[in-house]
Every structure is written in structure tokens, then in C-alpha cells.
Amino acid sequence: MAVVLRAMSDHHDHHRRAGRSDIELRVRAMEQLLVEKGLVDPMALDAIVDQYETKVGPRNGARVVARAWTDTAYKRRLLDDATAAIRELCYGGSQGEQMVVVENTPAVHNVVVCTLCSCYPWPVLGLPPVWYKSAPYRSRVVMDPRGVLAEMGLRVPDTTELRVWDSNAELRYMVLPRRPAGTEGLHEDALAALVTRDGMIGVAAV
Amino acid sequence: MNTIHDMGGMHGFGAVVREANESPFHADWERRVFALATAIPFAVPFNDDSLRPAIESIPPERYLASTYYELWLEAMTKILVGRGLLSRDEIASGKARPLPKGVEVFPAVKAADALAALADGFSARREAGKPRRFKVGDLVRTRNDHPATHTRLPRYARDKIGTITRDHGIMTFSDANGRGDGEQPQHVYAVAFPMDELWGPAARGGDKLYLDLWDDHLHPA
């Protein structure tokens, strides 16, 4: 597996090196033209990058999950009206205007995809990883979810119903993973540290 | 649009490869493309209902050979060129010409205003729209349409029977907006499809696939 990953990464690096100077120059030229035309402000561009590179990310979603694991009234509100419940923790906005949270239980496992493009709940998970936007995931997880999840290391028992959520419209989905066994004594911050991005997409257990 | 972006159910793309400790961006130009695509719509009004058709109309062979932010860059360029706000000459020469008269543009968004707007979001929800035709529990059949324009009803779920499980309320209709026919707000419903309805008897009927579909995507079953 490590060899395969390395080969992919070398391939990508090579691809990037080959195309880099050209696309970097093109993007820089385009930004410069749009600045001169008064259509964008470089400081706004810097601020947008900083926001989504350093402030918005899966740690936000992890806090939502940890709160739901420790506060049953909050969990009820989250499953009933996720947008409002997530707002209580001060997260929301672009690509999370209409949130839905789906709960994993012993009887039901949920997994999220966007087959048409890359829809993803930015305010709680940040920007999507490359694999989520990739052809293999988008093409396969709707038709063979159990096979894809098994390849990714998650075997869903035959007795568990699998639900695939293709976020094709304006709703954005986050999975509420099952709380791991043996964490009864942990407080909210310690629980949040256990929650992974992949767990909140539904391709891994927590 | 029946093209490569609508890839649910296709074979041949291989295994899902995850990158350990992946960063949101893989090169500086990706940062700038992301930020441009976020900032430009404040000055040049367009939203995802314009950006997505622009991405989907990239020829399939180029779509597959491009990285994600290369697709965004090409789509953004197409929109700006299409509105006369940028020309291929300018891109080639790097020399900006004055903006044409008569095209609606707004001043470049400032950092604080951009962040405040992103924190509020750009909701597709509307107060009023077409009367609802369905309710939770109804059996529905999806339309068997193949529009050459943008649609949010994926190919694999056309002419299929499912059950409405949730009414999300009234939202703008991306199919209509994406072809320039206005917002046409209407109810959006979560619809559950048994896997064997979508993929045949070899699939597990107890597993479900959910889509969010607009009223106009559905017939009573």
C-alpha cells in the first residue's frame, strides 16, 4: 500500500512540476488583470485563503460531534435542525447554509458523496480532500458503497443498513459518528480530539 | 448535461487513494484560484448555478485530464470572457484594457466584507415558490429527461421510484437558474431509493441511496 501511495504521489508531483510554471504564471497574470480592472482586491484574496486554510476545517465539525455525544438535548436539536444547532457553536455560512446531520448507529451507517462535483459542508469540515472530489470515489461509492468502504478499511456489517447521501442539491451533509467504546469518562475536548474528518464523511469509524 | 461530471455508477476509475495529512491546497496557484472564484462573484454577479454549467461544459477528455482547480480556473475564465470583462488577448499579453460600458459590475470586495458575507452564506432558501406537490411518505418517480443544460438529477437516478423522507422547504431551482430561466423556487425533498431500484437485483435492496430532488424532478409514482 505504501508503495502504491508513493507511486501516486510521485506521479502527481511529476505532473505538478511539469505544469507548474505555466499555470502559476497564468493565474498570477489573471489576478493582476482583475486587480487592475478593479474587480478583486489582493488583500481580500489573502483573507479568503487564510480563512479556509487556517480557520475553517474539520476541528469545527469535531466540536459539534463531541457536543452531541455529551449533551442529548443538543444532539436532538442537531438531528432535527442541524443548521441552527451548528450555529449555536458559531459555525455556519458558505456551503453550510442548509445543513443535515445523519447519525450512525448499530443499525444504520451513513456515507456522504457528491457525484456531480464536490459539494461538502465547508463550515464544519473545511475544503474537501482531493479523494472526495476524485472520479474513483464519486463514480463508485453510489453503486458499490460496501466495496469502497471495505477498501478504505471500514467493513460495514451485513446487519447494518447502509445509507449513501449524494449531496446533489443545496443541502450539505455531515455524519455523526458513533461514540467509541471506553470513552465514557472523557470530557468534550478530549472527545473532539478523537473525531476525524473521514469519520464525519462516513468512510471511517471513530 | 449528460457528460463526464455525472459519473455516479461508472466503472474503470480504480481505487480511491487518500493522501495522508492532506493540506487544503497543493500549490500557491490553487490558493489564488480558490480565492478568485470566491471574490469575483461579489464584483461580477454569478453563483454556482453559472460556475457549474461552465465546468460541466469543459470537454470530457480535458475534464478528466485537469485537476480540480484547473477546472475552476477554466470555468471562471469562460464566464469572464463570456461577459466581455476579460479577453484572451489580455490574458496573453497581460495588459488590461478598461472595462466595457454597459456590463453590470460592482467594486472589488474588501477583506472584511468578504469574510462577513461568507460567514452569513448565500442561502438558496426562498420564502415562497411553487405549491408543494408531495409529502413525506409519498412514492415518486423521477423524470426521464436528458437536458443538454445543467441538471441536479444524476443520470443513474432517472426514471426511478423512491420515497420522500423529508421536505426541506423552498429553494431556488438550479436546473432552471443554470440555463438562464430564473430561480423558479420550489420544494426540495430528500428521496430514498432502494439500491436494487437503482442498480438491479444484484444490489442490496436493504441499503438506500438518498438524493435531494426538486419538485420539478418528480412525478407521482
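Lettering of chains follows the sequences in order, A, B, ..., and the numbering in each one begins at 1.
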Handout entry: Minimal non-hydrogen separation, B:Val16 against A:Arg140, with atom names
Key = N-NH1, 4.2 Å
Exercise for the section: Please tell me if the side chains of A:Cys117 and B:Glu56 come closer than 4.5 Å, counting only heavy atoms from C-beta onward. Expected result: no
Practice task
Supply the atom-to-atom distance A:Glu161 CD to B:Met195 CE, rounded to the nearest 0.5 angstrom.
Solution key: 10.0 Å
Problem - Which atom of B:Arg97 lies closest to which atom of A:Lys37, heavy atoms considered - result: O-NZ, 3.3 Å
Practice task
Looking only at non-hydrogen atoms, find the nearest pair between A:Val100 and B:His168 and report the distance.
Solution key: CG2-CE1, 4.0 Å
Problem - side-chain contact (heavy atoms from CB on, under 4.5 Å) assessment of B:Phe122 paired with A:Glu97 - result: CA-CA 7 Å; B:Phe122 310 93; A:Glu97 293 91 345; 4.0 Å; yes
Completion exercise
Bottom line for A:Val142: the part with an atom under 4.5 Å from chain B's heavy atoms is both
Handout entry: Structural part of A:Ser167 lying under 4.5 Å from a heavy atom of chain B
Key = neither
Practice task
Indicate yes or no: at least one non-hydrogen side-chain atom of A:Gln98 is less than 4.5 angstrom from one of B:Met171.
Solution key: yes
Problem - Within-4.5 Å side-chain heavy-atom neighbours: A:Ile48 and B:Leu36 - result: no
Handout entry: Side-chain heavy-atom pair B:Arg31, A:Glu53 within 4.5 angstrom cut-off
Key = yes
Exercise for the section: Determine whether more than 12 heavy atoms belonging to other residues, nucleotides or ligands lie under 6.0 Å from atom NZ of B:Lys160. Expected result: yes
Exercise for the section: Please report the closest heavy-atom contact between A:Met143 and B:Gly9, naming both atoms and the distance. Expected result: CE-O, 3.4 Å
Exercise for the section: Report yes or no: does B:Asp207 contribute a side-chain atom to a donor-acceptor pair with the main-chain N or O of A:Leu162 at less than 3.5 Å? Expected result: yes
Exercise for the section: Report yes if some heavy atom in the side chain of B:Tyr156 is under 4.5 Å from a heavy atom in the side chain of A:Asp166; otherwise report no. Expected result: yes
Completion exercise
Interatomic distance, NZ@A:Lys55 vs CG@B:Leu115, rounded to 0.5 Å, equals 8.0 Å
Handout entry: Region of A:Pro145 in contact with chain B, defined by heavy-atom distances below 4.5 Å
Key = side chain
Handout entry: Under 4.5 Å from a heavy atom of chain A, the part of B:Leu80 involved
Key = side chain
Exercise for the section: Flag the pair A:Leu39 / B:Leu99 as yes when at least one side-chain heavy-atom distance between them is below 4.5 Å, and no otherwise. Expected result: yes
Practice task
Output yes when a side-chain donor or acceptor of B:Trp214 lies under 3.5 Å from a complementary backbone atom of A:Ala169, and no otherwise.
Solution key: no
Problem - A:Met152 backbone acceptor or donor facing B:Arg18 side chain under 3.5 Å - result: yes
Handout entry: Electrostatic pair B:Arg152-A:Glu170, nearest N-O below 4.0 angstrom
Key = yes
Exercise for the section: Calculate, to the nearest 0.5 Å, the distance between atoms OG1 and CD belonging to B:Thr38 and A:Gln95 respectively. Expected result: 9.5 Å
Completion exercise
For A:Pro42 and B:Arg32 the tightest heavy-atom approach is O-NH2, 3.8 Å
Practice task
Would you confirm whether B:Arg204, through its side chain, and A:Arg146, through its main-chain N or O, come within 3.5 Å as a donor-acceptor pair?
Solution key: no
Practice task
Answer yes or no: is there a donor N or O on one side and an acceptor on the other, between the side chain of A:Asn168 and the main chain of B:Asp212, under 3.5 Å?
Solution key: yes
Problem - B:Lys78 atom NZ: more than 12 heavy-atom contacts under 6.0 Å - result: yes
Handout entry: Side chain A:Glu24, main chain B:Trp29, donor-acceptor under 3.5 Å
Key = no
Problem - Side-chain donor/acceptor of B:Glu22 to backbone N/O of A:Val130, under 3.5 Å - result: yes
Problem - Aromatic ring proximity B:Phe34/A:Trp122, centre distance under 6.0 Å - result: yes
Problem - Atom pair OG1 (B:Thr77) and CE (A:Met30), whose distance is rounded to the nearest 0.5 Å - result: 3.5 Å
Fill in the blank from the handout: Value for CG (B:Leu211) from OG1 (A:Thr115), rounded to nearest 0.5 Å, stands at 7.0 Å
Practice task
Evaluate side-chain contact (heavy atoms from CB on, under 4.5 Å) for B:Leu118 paired with A:Tyr52, printing each intermediate quantity in order.
Solution key: CA-CA 11 Å; B:Leu118 288 164; A:Tyr52 287 97; 3.9 Å; yes
Fill in the blank from the handout: dist B:His11:NE2 -> A:Asp144:CG (nearest 0.5 Å) comes out at 8.0 Å
Handout entry: Heavy-atom side-chain proximity of B:Leu209 to A:Arg163 below 4.5 angstrom
Key = no
Handout entry: Pairwise side-chain contact, B:Phe25 with A:Leu127, heavy-atom cut-off 4.5 Å (strictly under)
Key = yes
Completion exercise
Smallest heavy-atom separation, A:Leu45 atom then B:Ala39 atom, equals CD2-CB, 3.6 Å
